[in-house]
A.B. asks: 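Here you go, one structure.
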Amino acid sequence: MRQLSDVRDRLRALGAGPSHERRVLRLWSNALPQDSGSRAIEDFLPKSLREGLPAVEAELAGLARLVSRHPGEDGSERLLVGLGDGQTCESVLLPRGGVCVSSQIGCAVGCTFCMTGREGLVRQIGSAEIVAQVALARSLRPVRKVVFMGMGEPAHNLANVMDAIDLLGTAGNLGHKQLVFSTVGDERVFERLPRGPVKPALALSLHTTRADLREELLPRAPRIAPQDLVEAGDAYVRATGYPMQVQWTLLEDVNDTAEELDGIVRLLRGKHAVLNMIPYNSVPDLPYRRPSWEKAAAIARTLHQRGVLTKLRHSAGQDVEGGCGQLRARGRTVPIVAV
Ligand SMILES: C[S@@+](CC[C@H](N)C(=O)[O-])C[C@H]1O[C@@H](n2cnc3c(N)ncnc32)[C@H](O)[C@@H]1O
Ligand code: SF4
């Protein structure tokens with residue numbers, strides 16, 4: 001029962017009509033007990049559904065189980081999550097009510113600075129498994145924002161991610177811009193996002209303005225020129241009205257050069273965009289370095305002065321050795337393929 005369509009089929013087989021289905025999904029995705037609400041459950045549900053619901057609930061609870069919790073000093077908390085088939089993924093409870101969820105086990109893009117990318121793609125995470133990560137987070141803390149910045153590339157699991165987004169944005173008590181789709185950029189994303197009933201905010205993982213360097217850093221990302229990616233993102237932003245977040249993992253002497261800063265100004269000045277600079281979070285055995293906080297802050301200030309709204313951010317839970325995919329890698333028995 002990894003997909004929301006499986007959950008809906010199960011409920012329909014138990015006699016649930018559309019309103020019962022909506023109610024069950026709403027209560028589950030908000031981590032509320034199925035017998036909560038103003039009316040007693042006996043008044044509301046058909047007998048077959050009432051009797052079958054505990055088994056469905058048990059299956060829903062088994063979609064994403066808490067394996068371990070890793071609190072960070074910054075108020076974030078990394079969760080290692082066990083899925084029904086024994087696979088694990090990571091979710092992160094962020095300070096101020098956000099949760100970062102995973103969309104794939106592993107990732108085929110293979111970014112050279114990312115732990116998840118080293119594993120290749122293991123499997124897609126189902127739409128129900130994505131919502132289950134949010135429900136699990138909500139059983140631990142209130143959640144007001146969901147970002148798809150955990151393991152995996154949402155563009156490579158587009159149908160499942162959009163099904164989950166549609167549910168969370170309708171039944172899950174989340175505004176559209178509180179759902180953040182983070183991607184390396186893909187034509188399918190720019191076609192699909194504007195067509196959905198729920199239009200999430202867009203985070204574009206750009207990392208460089210140089211096409212040649214992008215091919216090196218993101219070896220299996222679609223070959224779309226950085227300028228064209230920004231234009232495509234900007235068209236979506238004009239349709240939604242909320243800003244594009246441009247993600248920039250800051251790698252010392254790689255993408256923090258004067259040439260890159262000029263490129264950023266050329267591409268982003270005047271755009272409805274926020275540049276999120278996130279100093280590289282160290283991954284074992286990789287050659288990259290994180291610039292000092294002072295250097296990163298100076299870069300952010302310079303960009304700001306040159307007309308690019310720039311935010312310098314910590315990646316959540318750095319102190320728990322929890323860069324994306326590292327908790328899973330720690331618990332894995334198979335060796336990590338060396339880059
Ligand atoms: C893990 S990815 C998942 C979403 C999507 N695949 C993407 O790349 O946008 C989310 C963000 O984490 C960043 N990231 C990956 N490895 C990192 C590292 N070692 N240090 C800091 N940020 C990292 C990526 O650059 C990306 O912006
Ligand atoms: S940064 Fe995103 S796209 Fe790149 S390997 Fe990691 S998860 Fe995949």
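In each ligand, atom 1 is the first atom listed, and ligand 1 is the first ligand listed.
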A.B. asks: Within the 4.0 Å heavy-atom shell around G117, which atoms of ligand 2 are there?
C.D. replies: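 Heavy-atom distances to G117 below 4.0 Å select 5 (S).
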
A.B. asks: Go through ligand 2 atom by atom and flag the ones less than 4.0 Å from a non-hydrogen atom of C111.
C.D. replies: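 Contacts of ligand 2 toward C111, numbered from 1: 1 (S), 3 (S), 4 (Fe), 5 (S).
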
A.B. asks: Is the closest N or O pair between E153 and ligand 1 shorter than 3.5 Å?
C.D. replies: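 Yes, at least one N or O pair falls under 3.5 Å.
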
A.B. asks: Indicate yes or no: does an N/O atom of P154 lie under 3.5 Å from an N/O atom of ligand 1?
C.D. replies: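 The answer is no, given that P154 and ligand 1 share no N or O pair closer than 3.5 Å.
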
A.B. asks: In this structure, are over 12 heavy atoms from other groups packed under 6.0 Å from R223 atom CZ?
C.D. replies: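 For R223, atom CZ is crowded (more than 12 foreign heavy atoms under 6.0 Å).
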
A.B. asks: Please identify which atoms of ligand 1 are closer than 4.0 Å to at least one heavy atom of F148.
C.D. replies: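 Going through ligand 1 atom by atom, the ones under 4.0 Å from F148 are 4 (C).
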
A.B. asks: So, using side-chain contact (heavy atoms from CB on, under 4.5 Å) as the criterion, who are the partners of D163 when residues are at least two apart?
C.D. replies: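 Partners of D163 under the side-chain contact (heavy atoms from CB on, under 4.5 Å) test: L4, S127.
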
A.B. asks: Which pair of non-hydrogen atoms, one from R69 and one from L79, has the smallest distance, and what is that distance?
C.D. replies: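 Smallest heavy-atom distance, with atoms named: CG-CD2, 4.0 Å.
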
A.B. asks: For ligand 2, which atoms have a heavy atom of V184 less than 4.0 angstrom away?
C.D. replies: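 Those qualifying, in numeric order: 3 (S).
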
A.B. asks: Answer with side chain, backbone, both or neither: which part of Q247 has a heavy atom less than 4.0 angstrom from an atom of ligand 1?
C.D. replies: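 For Q247, the contact with ligand 1 is made by the side chain alone.
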
A.B. asks: If you look at every heavy atom in S205 and S182, which pair is closest and at what distance?
C.D. replies: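 That would be OG-OG, 3.8 Å.
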
A.B. asks: Any chance the rings of H272 and Y242 have centres within less than 6.0 Å?
C.D. replies: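 H272 vs Y242: aromatic centres not under 6.0 Å.
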
A.B. asks: Just jot down the ligand 2 atoms closer than 4.0 angstrom to any heavy atom of G152, in number order.
C.D. replies: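 Reading through ligand 2 atom by atom, the close ones are 7 (S).
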
A.B. asks: What are the two closest non-hydrogen atoms of T249 and H207, and how far apart are they?
C.D. replies: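 Taking every non-hydrogen atom into account, N-ND1, 3.0 Å.
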
A.B. asks: Within the 4.0 Å heavy-atom shell around G110, which atoms of ligand 2 are there?
C.D. replies: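 Every atom of ligand 2 under 4.0 Å from some heavy atom of G110: 5 (S).
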
A.B. asks: Is it the side chain (CB and beyond), the backbone, both or neither of T183 that lies under 4.0 Å from ligand 1, heavy atoms counted?
C.D. replies: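 Only the backbone of T183 comes within reach of ligand 1.
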
A.B. asks: Give a yes or no on whether K295 atom NZ has more than 12 heavy-atom contacts from other residues, nucleotides or ligands under 6.0 Å away.
C.D. replies: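 Count over threshold, so yes.
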
A.B. asks: Kindly check if the number of other-residue, nucleotide or ligand heavy atoms within 6.0 Å of CD (E187) is above 12?
C.D. replies: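 For E187, atom CD is not crowded (no more than 12 foreign heavy atoms under 6.0 Å).
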
A.B. asks: Under 4.0 Å, heavy atoms only, figure out whether ligand 1 is touched by the backbone of T249, its side chain, both or neither.
C.D. replies: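 Contact part for T249 vs ligand 1: side chain (C-beta onward).
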
A.B. asks: Can you name the nearest heavy-atom pair linking S91 to Q133, along with the distance?
C.D. replies: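 S91 and Q133 have their closest heavy atoms at OG-OE1, 3.0 Å.
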
A.B. asks: Which of the listed options, G152, G117, S205, C111, holds the heavy atom that is closest to atom 4 (C) of ligand 1?
C.D. replies: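 Nearest heavy atom to atom 4 (C) of ligand 1 lies in G152.
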
A.B. asks: Which of the atoms in ligand 2, numbered in the order shown and given with their element, are less than 4.0 Å from a heavy-atom of V109?
C.D. replies: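 Every atom of ligand 2 under 4.0 Å from some heavy atom of V109: 3 (S).
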
A.B. asks: Taking heavy atoms and a distance under 4.0 Å, where does H207 meet ligand 1: side chain, backbone, both or neither?
C.D. replies: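 Near ligand 1, H207 shows its side chain, while the N, CA, C and O stay back.
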
A.B. asks: Which atoms of ligand 1 are found less than 4.0 Å from any heavy atom of C114?
C.D. replies: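 Selected atoms, number and element: 15 (C), 16 (N).
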
A.B. asks: For T302 and H304, which I'm curious about, is there any donor-acceptor pair between the side chains at under 3.5 Å?
C.D. replies: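 No donor-acceptor contact under 3.5 Å links the two side chains.
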
A.B. asks: Is it true that G150 lies under 4.0 Å from ligand 1, counting heavy atoms only?
C.D. replies: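 Contact present.
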
A.B. asks: Going from CG on L303 to CG on L268, what distance comes out if it is rounded to the nearest 0.5 angstrom?
C.D. replies: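 Reported to 0.5 Å precision, the distance equals 9.0 Å.
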
A.B. asks: Quick check for you: to the nearest 0.5 Å, what is the distance between L167 atom CG and I130 atom CD1?
C.D. replies: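 These two atoms lie 11.0 Å from each other.
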
A.B. asks: Looking at atom 8 (Fe) of ligand 2, is there an N, O or S atom belonging to C107 that lies under 2.8 Å away from it?
C.D. replies: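 Here the distance criterion (N, O or S atom, under 2.8 Å) is met by C107, so yes.
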
A.B. asks: Could you tell me, atom by atom, which parts of ligand 1 come under 4.0 Å of a heavy atom of V184?
C.D. replies: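 What qualifies from ligand 1 is 8 (O).
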
A.B. asks: Quick check on contacts: which atoms of ligand 1 are under 4.0 angstrom from a heavy atom of V283?
C.D. replies: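 Reading through ligand 1 atom by atom, the close ones are 19 (N).
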
